[in-house]
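Below you'll find the structure, written out as structure tokens, and then a few comments.
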Amino acid sequence: MSNAAYGLLGAPLAMAALPLFVQLPAYYAAHLGMALGPLGVVLFVARGIDMLQDPLLGHLLDRTPQWRRRWMALGAVVLTLTFAALWLPPVVTPDVAMGVWLALMLVLAYGAHSLVNIAYLAWGHACPAPWGRQPGAKAWAWQA
């Protein structure tokens with residue numbers, strides 16, 4: 001794959017993550033009526049689980065580099081489905097049921113996003129380095 005093809009995946013990944021972090025809490029509080037306290041707890045716990053699962057996903061991807069594209073495809077499908085499910089939750093009235101739904105969908109969405117993102121970054125390491133640099137130095141060059 002070319003460096004241009006590699007770069008095209010960054011925008012959809014960013015577009016999927018930003019609404020989850022910025023707009024979703026306001027949507028659940030203002031439009032669905034979820035109390036802010038339980039909402040904050042759910043968001044905190046879901047991010048904590050995401051923090052713990054990222055190294056496990058990285059280990060999985062390191063062990064199965066030949067399946068990188070399959071992992072990315074699976075992650076993209078799960079991310080798409082959970083993203084839709086987060087914005088169109090089932091009709092439930094108690095905060096507990098809504099909190100459980102939100103927590104489950106967030107953990108799945110964060111995990112799917114991490115799976116795609118970690119595989120994406122590993123793919124970037126395998127791409128030919130620009131300007132004759134080593135692949136490890138390429139990520140630093142793109143961030144600078």
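Position 1 is the first residue of the sequence; numbering continues from there.
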Test log, rule side-chain contact (heavy atoms from CB on, under 4.5 Å), inputs Phe44 and Val41: CA-CA 5 Å; Phe44 181 76; Val41 170; 5.8 Å; no
Over all atoms of both residues, closest heavy-atom pair of Ala109 and Leu20: CB-CD1, 4.2 Å
Met72 versus Ala119, closest heavy-atom pair with distance: CG-CB, 3.2 Å
Heavy-atom donor-acceptor pair, His113 side chain to Leu13 backbone, under 3.5 Å: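 The answer is yes, because a donor-acceptor pair under 3.5 Å joins these two groups.
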Check: Leu86 main-chain N/O paired with Tyr28 side-chain donor or acceptor under 3.5 Å: yes
Residue pair Val107, Asp50: steps toward the side-chain contact (heavy atoms from CB on, under 4.5 Å) verdict: CA-CA 7 Å; Val107 168; Asp50 180 48; over 6 Å; no
Distance, nearest 0.5 Å, that separates CZ of Arg68 from CZ of Arg70: 13.0 Å
Ile118 CD1 to Leu60 CG distance, which is reported to the nearest 0.5 Å: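 The distance works out to 9.5 Å.
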Same apolar cluster: [X] and [Y], side chain cutoff 4.5 Å:
X	Y	value
Val78	Leu61	yes
Tyr27	Val42	yes
Leu106	Leu104	yes
Trp101	Leu32	yes
Trp67	Leu57	yes

Remaining members of hydrophobic cluster (4.5 Å side-chain criterion), Leu81: Val77
